[in-house]
Amino acid sequence: EGGGISNGGQLTLSDSAVSGNSVTHWGGDYGAGGGGIYNSSSASLVINGSAVSGNSAFGEGAWGGGIASLGTLRIMNSLISANLIAGEYVSGGGISALGGTIAGSTISDNRSLCDDCEYYDSWYAHAGGIENFGVMTITNSTISGNHTDSTWSGYSAVQNEDTLTITNSTVTGNTPSGINTRCWGSDPVSTTLRRTIVSGNADTEVYAGGYCRGGNVITVNGHNILGK
C-alpha cells in the first residue's frame, strides 16, 4: 500500500508535492490502496498547501488513486489532481477515505476506470473524485473535471457511503454525475448540502442509489444551487 508514502504514524505534509507514484496489485482478496499516499487505520495525516497529483493505483479492488486513508485525514488548501485508478471494482480516483476533513481545496481531473472488466462493461468503476465511507466534511472546496468510466448516472465524482456534509463548495463539470449517496444493507447513509453549487455535471447532479434498508437521506438546506 502507498506507491509514494505509506504512513503508519503522525505525518504532516506542508508545501509539498507527491507526484508520479504508482501501486499495482492483481489477484487476491485486497486491492492496491493509495497510488500517492496510504494512511493506515492507526495513523494521522495532515496535508496543507500541497499537491497530490499524477499518481495511480491498478488492479482488482484498487482504491484511492491519489490518497487511500483508513485513519485520521485532514486536507487543507491543497490540490488533489490527475490521479488514476484502473481495474475491476475500483473506487476513488482522487481520494478514498474512512472519513476526514477537506477544506479550501481542489479535487480535479481524477479518473476511475474499469480495466479488463469481465461483467457489465463499466459498472465496476466508482467515484472519480472522492469516495467516502466514514464521516467526512468538505468546506470551501471545488470538485471538478473528475471522470468515472461508466455510462450509468449513479456513478459520480463524489460517492458517499456513510455521512457527508458539503458546505460552501462547488461540484461541477464531472462525468457522468456530481454526487452519489450510495446505501447498501441496513446502515443509514446521509448527505447534507449547505450553500453549495452542484451544477453542470454531465448527467445527474445528485443521485440516491443502492439497495438500502437503513435509510438513504439527502438534506439540502441553506441557499444551494442544483442544476437540471
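Sequential numbering from 1 along the given sequence is applied to the chain's residues.
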- Close side-chain approach of I67 to I75, heavy-atom, < 4.5 Å: yes

- Which pair of heavy atoms, one from G33 and one from A68, lies closest together, and at what distance? C-CB, 3.7 Å

- State yes or no: do L113 and I85 share one hydrophobic cluster built from I, L, V, M, F, W and Y residues joined by side-chain heavy-atom distances below 4.5 Å, directly or via other members? no

- Compare all side-chain heavy atoms of L84 with those of F58 and state whether any distance is below 4.5 angstrom. yes

- Task: Over all heavy atoms of both residues, which pair between A57 and G64 is shortest? Give the atoms and the distance, please.
- Result: CB-O, 4.3 Å

- Taking all non-hydrogen atoms of both residues, which atom of S96 and which atom of G92 are closest, and how far apart? CB-CA, 4.3 Å

- Message: Can you tell me how far apart CD1 (I5) and CG (L45) are? Round to the nearest 0.5 Å.
- Response: 8.0 Å

- Residues passing the side-chain contact (heavy atoms from CB on, under 4.5 Å) test with N140, sequence neighbours excluded, are N168

- Separation between OG1 (T106) and CD1 (I80), nearest 0.5 Å, reads 9.5 Å

- Message: Please report the interatomic distance CG(L11) to OG(S44), rounded to the nearest 0.5 Å.
- Response: 8.5 Å

- Query: For V46, which fellow cluster members are found when Ile, Leu, Val, Met, Phe, Trp and Tyr are connected by side-chain heavy-atom distances below 4.5 angstrom, either directly or through intermediates?
  - Reply: M76

- Query: For the side chain of N201 and the backbone of N174, is there at least one donor-acceptor N/O pair under 3.5 Å apart?
  - Reply: yes

- Message: Quick check against the 3.5 Å criterion: does S141 have a side-chain atom that pairs as donor or acceptor with the backbone of S105?
- Response: yes

- Task: Keeping to residues at least two apart or across chains, list the side chain to side chain donor-acceptor pair (under 3.5 Å) pairs with something in residues 46-59.
- Result: N21-N55, S22-S56, N55-N83

- Which value, rounded to the nearest 0.5 Å, describes the distance between I107 atom CD1 and I95 atom CD1? 4.0 Å

- Quick one: are Q159 and T148 in side-chain contact, heavy atoms under 4.5 Å? no

- Rounded to the nearest 0.5 Å, how far does CG of D109 lie from NE2 of H147? 11.5 Å

- Would you sort out whether I166 and V198 count as a side chain to side chain contact (heavy atoms under 4.5 Å, CB included), showing the intermediate values? CA-CA 10 Å; I166 304 178; V198 186; over 6 Å; no

- Considering only heavy atoms from C-beta outward, does the side chain of I130 approach that of I102 to under 4.5 Å? yes

- Message: Looking at every non-hydrogen atom in both residues, tell me the closest pair between S14 and S16 and how far apart they are.
- Response: O-OG, 2.8 Å

- Heavy-atom pair of closest approach, residues I47 and V52: CD1-CG2, 4.3 Å

- Tell me, please, which residues at least two apart from V158 pass side-chain contact (heavy atoms from CB on, under 4.5 Å). I143, L164, I179

- Closest non-hydrogen contact found for S112 with G93 is CB-N, 4.4 Å

- Cluster link I37 to M136, ILVMFWY, side chain under 4.5 Å: yes

- Query: side chain to side chain contact (heavy atoms under 4.5 Å, CB included) between L70 and S40: does it pass, once the steps are laid out?
  - Reply: CA-CA 5 Å; L70 294 173; S40 75; 5.9 Å; no

- Quick one: do E1 and W63 satisfy side chain to side chain contact (heavy atoms under 4.5 Å, CB included)? Show the steps, please. CA-CA 10 Å; E1 308 290 331; W63 60 296; 4.0 Å; yes

- Message: Please evaluate residues V189 and N160 with respect to the criterion side chain to side chain contact (heavy atoms under 4.5 Å, CB included), reporting the C-alpha separation (whole Å), side-chain torsions for both, the decisive distance (0.1 Å), and the verdict.
- Response: CA-CA 8 Å; V189 173; N160 176 39; 3.7 Å; yes

- Query: Ignoring hydrogens and geometry, is there a side-chain-to-backbone donor-acceptor pair from T196 to T170 under 3.5 Å?
  - Reply: no

- T172 vs S144 side-chain heavy atoms within contact, under 4.5 Å: yes

- Item | Euclidean distance, R194 CZ relative to I138 CD1, rounded to 0.5 Å | 13.0 Å

- Residues at least two apart in sequence or cross-chain that pass side-chain hydrogen bond (donor to acceptor under 3.5 Å, both in side chains) with S81, listed by chain then number, are S108

- Message: I'd like to check the side-chain contact (heavy atoms from CB on, under 4.5 Å) partners of A51; sequence neighbours left out, ordered by chain and number.
- Response: L79

